[in-house]
Amino acid sequence: MAVAALVALPVLVVAANLLVPSAEVWEHLAATVLPSYVANSLWLMLGVGGAVAVGGVGTAWLVTMCRVPCHRTLEWALLLPMAMPTYVVAYTYTGLLDFAGPVQSTLRALFGWHSARDYWFPEIRSLGGAIAVMAMVLYPYVYMLARAAFLEQSVCALEASRTLGRRPWRAFLEVALPLARPAIAAGVALALMETLNDFGTVHYFAVDTFTTGIYRTWLGLGQPAVAAQLGAVLMLFVLALVLVERMSRGAARFHHTTGRYRQLPRLPLPPLGAAAALAFCALPLVLGFLLPAAVLAGWAVQAGWRRNLGGDFLHLAGNSLILAAVAGVVAALVALPLTYAQRLRPTRLVKACVRVAGLGYAVPGSVIAVGTLVPLTAIDRSLGALVLTGTIVALVYAYLVRFLAVSANAVEASLGKVTPSMEAAARTLGETALGTLRRVHLPLVRTSLLSAVLLVFVDVMKELPATLIMRPFNFDTLATRTFTLASDERLADAAAPALAIMLVGLLPVVLLSRAITRSRPGAQP
Amino acid sequence: MSSRGLVIDGVSHVYGTTAVVREVSLVVGPGELVCLLGPSGCGKTTTLRIAAGLEAPARGRVLLDGRLVSGQGVHLPPEARNVGFLFQDYALFPHLDVLGNVEFGLTALARQPRRARALEVLAQVGMNAFAQAWPHQLSGGQQQRVALARALAPRPKLMLLDEPFSGLDRRLRDQIRDETLRVLQQNHVSTLMVTHDPEEAMFMADRIAVMRHGRIEQLGTPAELFDHPASPFVASFFGEANILPGVVHQGRIATLLGEVAAPGLAEGCAAEVLVRPEAVTLRPDAAGAGIVLSARVLGRSSLVHLDVERPGQPSRHLHARLPHRDLPAEGERMAVGLDCTQAFIFPAETDG
């Protein structure tokens, strides 16, 4: 419980800032930039939300319920964009589409244009560009949950609606879609949480949102109190999303699809329709993964491997790996007793603690950074020395706050595999409580514990805002280096660390797609 | 009171503020099979878990083979009691194969005898060919047999069965039930079993305890419970019954089906007469009180739906069960009567 309280602390610190009387700077901010923060954040959420809903639901429906060519491959391939950190995709598209990029250069060469005044081309570094980039990468959240919902909902309900005279398309609109609505809402909420969390993309595209504002007031203006208050306002947004997600999700869980196999009546499509469906499904895959990956690979090849792996690349990779591994192991070690306690003694207090501790995942990294630094600085001040702030310990603590929920979810799901009657069976067969833990729980939980470590590991590798704010002086990871190189317009040099992050990011996607293929044993080819 | 077997003495248990078990006392003699029978939520499973030591009773004591295991400040944990528990969901360990599951409770033995004992019990339940199989590869009936073998392997003093057949479909259930009974008798082990199926209880049990609202309503052999139920609840639990209201008049009650003697009930007392369908007699009679609504063959017997009316009383829908297939036609009038030895008379319940 003490652990849960420790993890919940930063969130509560930031929340408490809502009640603190506002400083002068805050009033200044409110008069100048705050309206644009709010407007930009809202537009961003609206755009991304709409795009991921259409893209995610559409692909999920086509892939699960219709005879789309190569749907077996698409089923897992559509998850691939999850491996891409948004900021990396933002960099690649900028490199590809800005004035000096290959697309515009080719156009100019083709049509004989000379300057930007000769033609119109959409500006990628804009609010619209940010929406497009985020939607490409975040739609898998909706796809995954919507797909699971379509698989779980009774085919009978669909067939009943067909016998009651609905054409397939109407059946989808009137039965399947309303049934899947909670899952879709949950998916959109998750995608929007990621949108609010994003720092790299909006910073690079110069779209002023709360995350960039927090970063600027903290590091630029040196106003931690104001940063905390900005964070508190941002948390109100997040809280609304969490409520939406909680209400809509109900009992369903993130990584779960039921293991039961049902013969799905795949709707046959006319050749033209099949081609259109294939194009619709392939588009997000190409835009969100294949193209950026190819561009990155191209840059990396251009740069040559000496420039890629030379210098301090190995050093950076080492930093990233160690940090991620430590955070992953610590999170798993904390999650295990926490979830076990919740299971052994599910009192309201323990449940509330675990829930608050789980909030961290929804809270943007920049807010958590602020929330952890404020109490840590207070401790340091009382000690009279810089013991905690700006150390790896502080950074790992921030990661723990942010990603504990990921780890706890994985552990909880696997503890759920040990039914209460299995525990009772072991006890009546003469095994003590401790022995039961060793002989029954441990063997069953071991693999999930590993995947809990892995999930946090990958999230930490990709994490940018908290790392930027909290890292020790002169300490760089792959993510922060990618960010600084890209900010300095050295996109080609950023390719190697970005590729490395992407490759590591593929790991959980592989895990997820394996879970998905296993969820349908004996599926028809 | 026998020193061997299980003694439950005045046990009560509460979850939060609701009493789930109240003052339950019960003895399971050596080699005896006793059934706790009742609707869901009557406290039967909690009683079983208390016997296993998975729950500590709020009041009362539990003795196993003459030794105090629960109550009076003592609570022996389940692992120290040497009881076998067969769970409703079997609770096989998914990370161990069949042999591993059965060997789980045999840690006191060395490798060789452990394996020998495990194979011996597996052979008893006819599962020795599946020793290397994994639980998820087995059918429901096979999993049940493995769970039974696992519980029996450490030679428990007492077997506890929690709705062990409810997960099986009907045809398989009859067969597994038969096999389980045989294996339990072979091992001559005292057994306490929980079920909500009266037919199953009568098939398996030497004695049955009917539970309701946390209390034992009646305890006796299946024949006693069937022929002399102590309450309308017990009577209707063991089979469908026509319920006829009436008032005691000069030691007798006039019902739609005729008069029955009501010994021991006060004059003017409202009463309920429960009549099993097989106790309703029918005779063709154009002036009879009953009209046949429909008649159906149910296999070994037939069921006749009747509308019975007498002057001055509202008509009632009653069922009669006939042992033959010679059925009356729909709309035919019948004279109705009853076999008084199969009519049970209770004072009318006020609490419903």
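Just so it is clear: chains get the letters A, B, ... in the order the sequence lines come, proteins before strands, and each one is counted from 1.
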L26(B): which of V7(B), V11(B), V34(B) passes side-chain contact (heavy atoms from CB on, under 4.5 Å): V34(B)
Side chain, backbone, both or neither of A426(A) within contact of chain B (heavy atoms, under 4.5 Å):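 Answer is both: backbone and side chain atoms of A426(A) are under 4.5 Å from chain B.
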Distance-only donor-acceptor screen, chain B against chain A, under 3.5 angstrom:
{"unit_1": "E79(B)", "atom_1": "N", "unit_2": "R427(A)", "atom_2": "O", "d": "3.2"}
{"unit_1": "E79(B)", "atom_1": "OE1", "unit_2": "R427(A)", "atom_2": "NE", "d": "2.7"}
{"unit_1": "E79(B)", "atom_1": "OE1", "unit_2": "R427(A)", "atom_2": "NH2", "d": "2.8"}
{"unit_1": "E79(B)", "atom_1": "OE2", "unit_2": "R427(A)", "atom_2": "NH2", "d": "3.3"}
{"unit_1": "D89(B)", "atom_1": "OD1", "unit_2": "S421(A)", "atom_2": "OG", "d": "2.7"}
{"unit_1": "D89(B)", "atom_1": "OD2", "unit_2": "S421(A)", "atom_2": "OG", "d": "2.9"}
{"unit_1": "H95(B)", "atom_1": "NE2", "unit_2": "R439(A)", "atom_2": "O", "d": "2.9"}
{"unit_1": "F104(B)", "atom_1": "O", "unit_2": "R439(A)", "atom_2": "NH1", "d": "3.4"}
{"unit_1": "F104(B)", "atom_1": "O", "unit_2": "R439(A)", "atom_2": "NH2", "d": "3.2"}

Under 4.5 Å, counting heavy-atom pairs only, tell me which of P154(B), G53(B), G105(B), A91(B) racks up the most with chain A. A91(B)
Assert top hit (heavy-atom pairs under 4.5 Å, partner chain A, pool P94(B), P77(B), A52(B)) equals P94(B)
Let me know if L92(B) has heavy atoms under 4.5 Å from chain A in its side chain, its backbone, both or neither. backbone
Side chain, backbone, both or neither: which part of F87(B) has a heavy atom under 4.5 Å from chain A?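 Just the side chain, heavy atoms under 4.5 Å.
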Taking the side chain as C-beta and beyond, is there a heavy-atom pair between [X] and [Y] under 4.5 Å?
| X | Y | value |
| --- | --- | --- |
| V453(A) | L449(A) | no |
| F457(A) | L321(A) | yes |
| L181(B) | L33(B) | yes |
| V102(B) | M127(B) | no |

Test side-chain contact (heavy atoms from CB on, under 4.5 Å) on V440(A) and F104(B) and set out the steps. CA-CA 10 Å; V440(A) 179; F104(B) 189 94; 3.7 Å; yes
Looking at Q186(B), I want to see if its CD is surrounded by more than 12 non-hydrogen atoms of other residues, nucleotides or ligands under 6.0 Å.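 Yes, enclosed.
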For R182(B), which residues count as a salt bridge (Lys or Arg N to Asp or Glu O under 4.0 Å) partner, sequence neighbours excluded? none
